[in-house]
Visitor: 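Next up is a structure, given as C-alpha cells.
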Protein chains: 2
Amino acid sequence: MAQKPSIPKGTRDFNPDQVAKRNYIFNTIRGAFETFGFQSIETPSFENSATLMGKYGDEGDRLIFKILNSGDFLSKSNPEAYNNKDSVALTPSISEKALRYDLTVPFARYVVQHQNEIEFPFKRYQIQPVWRADRPQKGRFREFYQCDADVVGSKSLWQEVEFIQLYDAVFSALKLDGVTIKINNRKILSGIAEVIGASDKLIDFTVALDKLDKIGEEKVKEEMLSKGISEEGITKLQPLFTLSGDFKSQIEGLKGILSSSVEGQKGIEELTFINAAISELGLSTANLQLDVTLARGLNYYTGAIFEVSAPETVKMGSIGGGGRYDDLTGIFGMKDVSGVGISFGLDRIYLVLEELNLFPETVKKHIDVLFINFGDKEALFSLKAIKVLRAQGIHAELYPDASKMKKQMNHANKRSIPFVVLVGDQEIETNTYTLKNMRTGEQDKLSLEALCSAVKTS
Amino acid sequence: MAQKPSIPKGTRDFNPDQVAKRNYIFNTIRGAFETFGFQSIETPSFENSATLMGKYGDEGDRLIFKILNSGDFLSKSNPEAYNNKDSVALTPSISEKALRYDLTVPFARYVVQHQNEIEFPFKRYQIQPVWRADRPQKGRFREFYQCDADVVGSKSLWQEVEFIQLYDAVFSALKLDGVTIKINNRKILSGIAEVIGASDKLIDFTVALDKLDKIGEEKVKEEMLSKGISEEGITKLQPLFTLSGDFKSQIEGLKGILSSSVEGQKGIEELTFINAAISELGLSTANLQLDVTLARGLNYYTGAIFEVSAPETVKMGSIGGGGRYDDLTGIFGMKDVSGVGISFGLDRIYLVLEELNLFPETVKKHIDVLFINFGDKEALFSLKAIKVLRAQGIHAELYPDASKMKKQMNHANKRSIPFVVLVGDQEIETNTYTLKNMRTGEQDKLSLEALCSAVKTS
C-alpha cells in the first residue's frame, strides 16, 4: 500500500552535501582529539533504563526515549499501575531499555564497568548521537550528535590548560577565528556565596548572576533579594558588577572580594595557574576570558567551568562547553575519580560555518570525473581506465546507460562534476581519452597516464 | 545509590582498540565506495512505525524495537486492546516510532521523499547502525552496523559489473585475498521452476535448492517432492545437480536446461554479459563464481543475486551480499525505480581479519609520544614542544601529574606508546629533549626539530 513517506518530527535526513559538511567538522574535531592523545570509545545506543533514569533530574527522566519490551510485554506489567492507567508508574514494567540521553552517563558507566581494563589517567573521546524527547524547535532536535572529550583519573590543572588549547586548535583548524573561551570556577562562585552569607542559596545566587548579561545589574539584584539573599550580602557584591579589564585585573578584583573565603582563594589560585600557562603557550585564534557569571551545569561541576562563544558577528549561543567534575563515577559506586571534559556543539558549529561561508569548496566535490557512456564497447574501454583512476584514489564513475549525450552532460552539470571523459571509436583506436573540463569547456585528447595526472592535480 | 553497571544483552561497548579496528574496516569500505562514485546519506535512527511495519514480514515486525510514546501515553491507548490486555494490538496506540531495522527501507523512504531533489541515477552509500530484537548469540547482536551501497534509477548491467569490482576492491584493500563472489540470477531460478512445472512453487523450490551444499542431492529431492514438486519435474533437474566446471561451462549446461524458458534465457544472457565484462576487466584477488543454488532474499531480488564468502580456510558464513530489485520504492508509491545494491557484513569481516591476523600493526598505535612530567616548570617547557608536534599531526601528550617516573614509564608501556620524552633542568637549559625509544631503550638528546622528525619517521 502506498504511504506518503515522512520522518518523525525533530529528526533529519542528511543528503550527501550535508553529510560531507558534517564529516568535515567531525573529522576536524576527531583529528584534534587524536593529536591531543584522546582515544575513541563507543557505547550502545540504548542502555538499561536503570543506568539512565534518575541521572538527569525529573525533566531529564521525562525526556528520555524509552524502548518498549518485546513480545507480550503486558503480561509482566505492574498490575496496580495497569489498573490505575498510570503511564509513569507502568513504564518501568513494560520498558527495560532507553536511548542514550547524553554521552557523559554512559561514559561513567563504561569507566566503572571496565575499570580493570582501563589504564588511568584515561583520555577518551566519543562522537555519537543522543536522543531527547524535547519539543523540537529551530536548532533543537530529537536526535543529534555530541562530541565529547574527557580525562578521568587525574586532578592536574594541566588538563584544563590542554582543553583550552584543544578548543583553540579545533576552531583554528575550522578557520573560525575569534571565538571566545570563557572560563570560571565553581570555587569562585561558592566563595562569593560564602562571603555574602548565601552558601545555602548557591544555585539561586548563580542562576541570578548568570543573567547579568541579559537583564542587567538591577534586575539581578532584585532576583537575588526575592530569593532571600540579604540586602547586606548584595551590597558586598557591588565590586563584582564593576569587575572589568583583562584576566589579570579581574583576578585582582576577585582577590579583594574573596579575601575571607578559603575556597574562593583556591578558585583564584586555579584560574591564575591556568591563565599563566595559556599566556606562556599562546593561543592561535581564540581568546580566553574570565567570566565570573558563568555557571552552566553547576550541579555537577566542581572546579573549572568552560563555555565557548562564536565570534560576536554571529548571533549564536554557546558552541561548546565543559568543566571539571570530581565525582562522575560515584553514581555507579566508584568513588574519587576526578574528571574534566569538554564538548563541541556540532549543529551550532555547522550553522556558524554556513553563515560565515567557511566550508571549504572541496567539501562538496564528491566525484572527480564522469565517463560518458556511448555503448557497451566504449563502456568497457572506459571501465578499464576507470579501474586505474580509482586505484589512485580518484573518484571516477561511468554513466550507467548509453543515454543521449545531452542527458549525460546535464547529469554531470547538475552534480557539479568537474571533468567528463568522452570515448568514441577514434579514442579506442588510438588508446586515448578526450577529457573535457566542465568549467572552462576546454577539451584535450590524453593518454591514460596524462588523464590521471590532469584529473588528480586539478 | 550505587548500581552494578551493565549493558543490555546483545549490545556492546567498544574500547579504543576495537574502535580503531572497526574504523579501519569502515574507512576502507568508505574509501572504495567513494572512489566508485557513491555518496553518503544518513537517515534518522528511528522512523515512523508506519514506515517500517509490514516491510519485513511478521517475524520482522516482531523484531523491530518500538519506542514508547512520551508523556501520558496510556490516555491515548486503544481501549479495546487495553481491556483485553493485548500487547500486539495495543502497541500501535502507545508507540509511534521504531528503531531502524535495516538501511534498505529507510533508503527507499528517502528516495521517495526527496525524489525531486535527487539527480538520478542516484548512487548512495550508507554506513549506520540498525537494531533487531533478535535472540543474541555468538556473532549476532541487537545493535550492529550495516554498510550498504546502492544505485537506483538505472537498469544497466554495468552496475552489476561494478559491484563485483567494488567487492574485489574492498577485500583486496583489506588484504583479505581469495574471497569468492558468488552470483546467480532470479531469472535462472524462475526459468528452472518454469521448466519443471513448479512456477507456483518458486520459493519452496529455491529454499530446497539452496540447501544442496549442506544436505546433498537426495535430501534436496526429497524436500522438493514433499513440497509437491512432481517426480517428473525433479528428473528434469538432474543436469542441474551435475553442473560443474568454470563459469562458461556452467552457462553452457544451463542453456540446455533452460532452452524452453524465455525468462531463463534472459537470465543466461545477463550472467554472460557480466562474466564477459569481468573477464575483460580482471579482478585483483577475488574469484567470481556462478552458483545456481544461491537464492538469498529471493522475495525481493528480481535479477542478479550476490553473496561473498570468506576464503575457505576460515569457517564463516557470508561476509557480504546483495542483488537487483526492480521495485524498491513501490512500497512508498513511487513505481518503476530499479535498484541494485550490495552490503558488507562488518562484524563477520572483523572476525575474519582477526582470525587471519590481517589488521595492520599501525591500527592499534594511538599515541606517538608521551612527555614525562617532572613538575610544573618542566611540564610547561614540554607543552611548548607538544604544541609544535601536534600542529604537525603527531599524537603527543603530557602525563598530567608529576608522579613517580616509574609510574609514568609503566603507563607508557601499558599503552604501548613507542616514544617518551624526558625533560629536566639540563634539557631546559640547552633547549633540548631527551627522546627514549621504548622498544629499543635507545636515548637521544635532540633539538625540537630533530625530535619532530624522529617521532614522525618512526
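By convention in this document, chain letters (A, B, ...) are assigned in the order of the sequence lines, proteins followed by strands, and residues within each chain are numbered from 1.
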Visitor: Most heavy-atom pairs under 4.5 angstrom with chain A, which of Asn410(B), Asp86(B), Leu281(B)?
Guide: Leu281(B)

Visitor: Which region of Phe144(B), side chain (C-beta onward) or backbone (N, CA, C, O), has a non-hydrogen atom less than 4.5 Å from a non-hydrogen atom of chain A, or is it both or neither?
Guide: neither

Visitor: Is the number of heavy atoms from other residues, nucleotides or ligands within 6.0 Å of NZ (Lys85(B)) greater than 12?
Guide: yes

Visitor: Shorter than 4.5 Å, heavy atoms on both sides: which option in Met334(B), Glu162(B), Arg62(B) has the most such pairs with chain A?
Guide: Glu162(B)

Visitor: Any donor-acceptor pair under 3.5 Å linking the side chain of Ser95(A) with the backbone of Ile67(A)?
Guide: yes

Visitor: Determine the option with the most heavy-atom pairs under 4.5 angstrom with chain A, choosing from Lys123(B), Glu96(B), His411(B), Gln392(B).
Guide: His411(B)

Visitor: So for Leu389(B), is it side chain, backbone, both, or neither that comes closer than 4.5 Å to the heavy atoms of chain A?
Guide: neither

Visitor: Do Arg12(B) and Glu143(B) come within less than 4.5 Å of each other through their side chains, counting heavy atoms only?
Guide: no

Visitor: Counting only non-hydrogen atoms closer than 4.5 Å, does Ser70(B) touch chain A with its backbone (N, CA, C, O), its side chain (CB onward), both, or neither?
Guide: side chain

Visitor: When the aromatic ring centroids of Phe65(A) and Phe46(A) are compared, is their separation below 6.0 Å?
Guide: no

Visitor: Which answer fits Ile367(A), side chain, backbone, both or neither, if we ask what part of it has an atom under 4.5 Å from a heavy atom of chain B?
Guide: side chain

Visitor: Verify, without hydrogens or angle tests, whether Arg132(B) (side chain) and Arg142(B) (backbone) share a donor-acceptor contact under 3.5 angstrom.
Guide: no

Visitor: Using non-hydrogen atoms only, which part of Leu63(B) is less than 4.5 Å away from chain A: side chain, backbone, both, or neither?
Guide: neither

Visitor: May I ask you to name which of Thr11(B), Val19(B), Ile41(B), Thr91(B) has the most heavy-atom pairs under 4.5 Å with chain A?
Guide: Val19(B)

Visitor: Report which part of Lys387(B) has an atom under 4.5 Å of a heavy atom belonging to chain A: side chain, backbone, both, or neither.
Guide: side chain

Visitor: Please walk me through it: do Asp13(A) and His114(B) pass side chain to side chain donor-acceptor pair (under 3.5 Å)?
Guide: CA-CA 10 Å; Asp13(A) 282 328; His114(B) 301 282; 2.8 Å; yes

Visitor: Taking Arg109(A) for the side chain and Thr51(A) for the main chain, is one N or O donor matched with an acceptor at less than 3.5 Å?
Guide: no

Visitor: Report which part of Glu42(B) has an atom under 4.5 Å of a heavy atom belonging to chain A: side chain, backbone, both, or neither.
Guide: both

Visitor: Let's test your reading of the structure: which of Glu117(B), Gln159(B), Gln113(B), His366(B) forms the most heavy-atom pairs below 4.5 Å with chain A?
Guide: Gln113(B)

Visitor: Side chain, backbone, both or neither: which part of Leu99(A) has a non-hydrogen atom closer than 4.5 Å to chain B?
Guide: side chain

Visitor: Out of Ser284(A), Ala391(A), Ala379(A), Ser403(A), which one racks up the most heavy-atom pairs below 4.5 Å with chain B?
Guide: Ala379(A)

Visitor: With a 4.5 angstrom heavy-atom cut-off, which part of Thr43(A) approaches chain B: side chain, backbone, both or neither?
Guide: both

Visitor: With ring centroids as reference points, do Trp158(A) and Phe273(A) lie under 6.0 angstrom apart?
Guide: yes

Visitor: Return the option, out of Ala277(A), Ala396(A), Ala133(A), Ala169(A), with the maximum number of heavy-atom pairs under 4.5 Å with chain B.
Guide: Ala396(A)

Visitor: Does any backbone or side-chain atom of Leu380(B) lie under 4.5 Å from a heavy atom of chain A? Answer side chain, backbone, both or neither.
Guide: both

Visitor: Is Lys66(B) close to chain A through its backbone or its side chain, or both, or neither, when contacts mean heavy atoms under 4.5 Å?
Guide: both

Visitor: With rounding to the nearest 0.5 Å, note down the distance linking NZ in Lys55(A) to CG in Asp61(A).
Guide: 9.0 Å

Visitor: Output the option from Pro16(A), Ala32(A), Gly37(A) having the highest count of non-hydrogen pairs under 4.5 Å with chain B.
Guide: Pro16(A)

Visitor: Using non-hydrogen atoms and a 4.5 Å limit, figure out which bit of Lys414(B) sits close to chain A: side chain, backbone, both or neither.
Guide: side chain

Visitor: Does Asn15(B) use its side chain to pair, donor to acceptor, with the backbone of Asp17(B) at less than 3.5 Å?
Guide: yes

Visitor: Rounded to the nearest 0.5 Å, what separates atom CD1 in Ile64(A) from atom CG in Leu68(B)?
Guide: 12.5 Å

Visitor: Out of curiosity, Ser382(B) OG to Glu397(B) CD, how far, rounded to the nearest 0.5 Å?
Guide: 12.5 Å

Visitor: What is the distance from atom CG of Asn373(A) to atom CG of Leu398(A), rounded to the nearest 0.5 Å?
Guide: 4.5 Å

Visitor: Please flag which part of Ile94(B) lies under 4.5 Å from any non-hydrogen atom of chain A: side chain, backbone, both or neither.
Guide: side chain

Visitor: Closer than 3.5 angstrom, by distance alone: can the side chain of Ser49(B) be matched with the main-chain N or O of Lys97(B) as a donor-acceptor pair?
Guide: yes

Visitor: With chain B as the partner, which of Glu34(A), His395(A), Gln18(A) has the greatest number of non-hydrogen pairs under 4.5 Å?
Guide: His395(A)

Visitor: What option among Phe36(A), Tyr110(A), Phe14(A) has the most heavy-atom pairs under 4.5 Å with chain B?
Guide: Phe36(A)

Visitor: So which part of Asp376(A) gets closer than 4.5 Å to some heavy atom of chain B, the side chain, the backbone, both or neither?
Guide: both

Visitor: With a 4.5 angstrom heavy-atom cut-off, is it the side chain or the backbone of Arg415(B) that approaches chain A, or both, or neither?
Guide: side chain

Visitor: Considering only heavy atoms, which portion of Tyr125(B) lies under 4.5 Å from any heavy atom of chain A: side chain, backbone, both, or neither?
Guide: neither

Visitor: Return the option, out of Gly393(B), Ser45(B), Ala20(B), with the maximum number of heavy-atom pairs under 4.5 Å with chain A.
Guide: Ser45(B)

Visitor: Answer yes or no on whether Arg124(A) is positioned over the face of Phe107(A), meaning its NZ or CZ is under 6.0 Å from the six-membered ring centre and within 45° of the axis.
Guide: yes

Visitor: Is it the side chain or the backbone of Glu119(A) that comes within 4.5 Å of chain B heavy atoms, both, or neither?
Guide: both

Visitor: Tell me, for Ser6(B) versus chain A, whether the close heavy atoms (under 4.5 Å) come from the side chain, the backbone, both or neither.
Guide: both

Visitor: Can a salt bridge be assigned to the pair Asp401(B) and Lys155(A) using a cut-off of 4.0 Å between side-chain N and carboxylate O?
Guide: no

Visitor: Do the charged groups of Glu280(B) and Lys384(A) touch, with an N to O distance under 4.0 Å?
Guide: yes

